Amino acid sequence: MLFGSIEAGGTKFVCAIGNEKMEILERVSIETREPEATIKDVCEFFAPYNHQLDGVGVGSFGPIDGQKSSKTYGHILASPKVKWQGFDLIGALVEFFNCPIEWTTDVNAAAFGEYHYGHGKDSNSLVYYTIGTGIGAGAIQDDQFIGGVNFTEMGHMLVTRHPEDTAASSCPFHHNCLEGVASGPAIGIRAGKAAQLLEEDDYLWDIEAEYIAQCVHNTTLMLAPEVIVLGGGVMQQEHLLPKVKKAFEKVLNGYVTHPTVDEYIKTPKLGNNAATIGCFVLAQKAFEKAK
Ligand SMILES: Nc1ncnc2c1ncn2[C@@H]1O[C@H](COP(=O)(O)OP(=O)(O)OP(=O)(O)O)[C@@H](O)[C@H]1O
Ligand SMILES: [Zn+2]
């Protein structure tokens, strides 16, 4: 079988071809420009395979309309990328491909990859956070994405400000949401330099760990997942995960039981392939649904 994967991101579209073993056979990265030119390149990549593909999975940047009954279903909504506002992304892809398509958000796709082939392989529930330019999350319970009226926006949960943290929030909407205080740009504002340039022993990493620990605490109490995966550029700081585990145990203060922190709080097993593999699984589901 042959599946297509499209990770539609604000900076790049990563397109891949894979098989039922979830092996990536070919992959290309296309710079995100205006919609028409970008979609044209995406279609060119897939064109030689279009009659062989059994399904395509898409993980899209947002905000995107996921309400099936909506007139703008599958359209990009009020995106900061002005040229994409109102663009019918899913419609354009459905029109091009000759096979069934299943789609969700980019972070849901990464969560789905980890749920099926990564740290969630033997679990029935998983929450995945990406901590990068923004903070987004996907929650899965029994193979279903959690969400209703909208896709979830857990990255904007409110957190308690660290008493010594007076830095401006990087989120234009909230003074003390997780993204506003713990995303890469938020660390950058606090540090006065890019997060990746911050020394490993800088105290700001302890503040960062406390914010992420609050996120794990809130997630534990609201969703009680079997595993929480923390991905994205910021988590590439390997010293951060142990700090988060310690801070989480402190903030939770033994209130509920959970697996050991080493089993419970993970960085992605699939690394950068989580979303691609998640899209292949979506593609497989699209194929099975259409049978
Ligand atoms: N090694 C690193 N250490 C610390 N911060 C990092 C590192 N790599 C990237 N970042 C920070 O993460 C942000 C970029 O996030 P990421 O690498 O996940 O890409 P992205 O795809 O742009 O993010 P998003 O998932 O929000 O779209 C930047 O703010 C950057 O400062
Ligand atoms: Zn916010």
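What you see is a predicted model; the values in this text were computed from it and never measured. Counting starts at 1 for both ligands and their atoms, following the listed order.
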Note the single closest protein heavy atom to [atom], along with its residue, its atom name and the distance in Å.
atom	answer
atom 8 (N) of ligand 1	Gly233 O, 3.5 Å
atom 5 (N) of ligand 1	Ala195 CB, 3.4 Å
atom 14 (C) of ligand 1	Thr133 OG1, 3.4 Å

- Message: Using a 3.5 Å distance criterion without hydrogens, assess whether the side chain of His162 forms a donor-acceptor pair with backbone atoms of Glu164.
- Response: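 Yes; at least one donor-acceptor contact below 3.5 Å.
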- Message: Tell me whether Glu114 contacts the main-chain N or O of Leu270 through its side chain, where contact means a donor paired with an acceptor under 3.5 Å.
- Response: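 Side chain of Glu114 to backbone of Leu270, a donor-acceptor pair under 3.5 Å: yes, one is there.
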- Would you say atom 21 (O) of ligand 1 touches the protein, meaning some protein heavy atom is under 4.0 Å from it?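 Under the 4.0 Å cut-off, atom 21 (O) of ligand 1 has no protein heavy-atom neighbours at all.
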- With heavy atoms under 4.0 Å as the rule, classify the contact between Pro185 and ligand 1 as side chain, backbone, both or neither.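 Both parts.
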- Message: So if I count the atoms of ligand 1 from 1 in the order they appear, which ones are less than 4.0 Å from some heavy atom of Gln236?
- Response: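 Atoms satisfying the 4.0 Å criterion: 1 (N).
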- Item | Residue-atom pairs from the protein, N, O or S only, that lie under 2.8 Å from the Zn ion (ligand 2) |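 Protein N, O or S atoms closer than 2.8 Å to the Zn ion (ligand 2): His156 ND1, Cys171 SG, His174 ND1, Cys177 SG.
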- Ionic contact status for Asp206 with Lys243, cut-off 4.0 Å: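 Salt bridge absent between Lys243 and Asp206.
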- Task: Please assess Tyr211 against Asp165 for the test side-chain hydrogen bond (donor to acceptor under 3.5 Å, both in side chains), listing each intermediate value before the final yes or no.
- Result: CA-CA 11 Å; Tyr211 286 138; Asp165 177 20; 2.6 Å; yes
- Message: Could you work out, for atom 29 (O) of ligand 1, the closest of Gly10, Gly136, Ser170, Gly184 by heavy-atom distance?
- Response: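 That would be Gly184.
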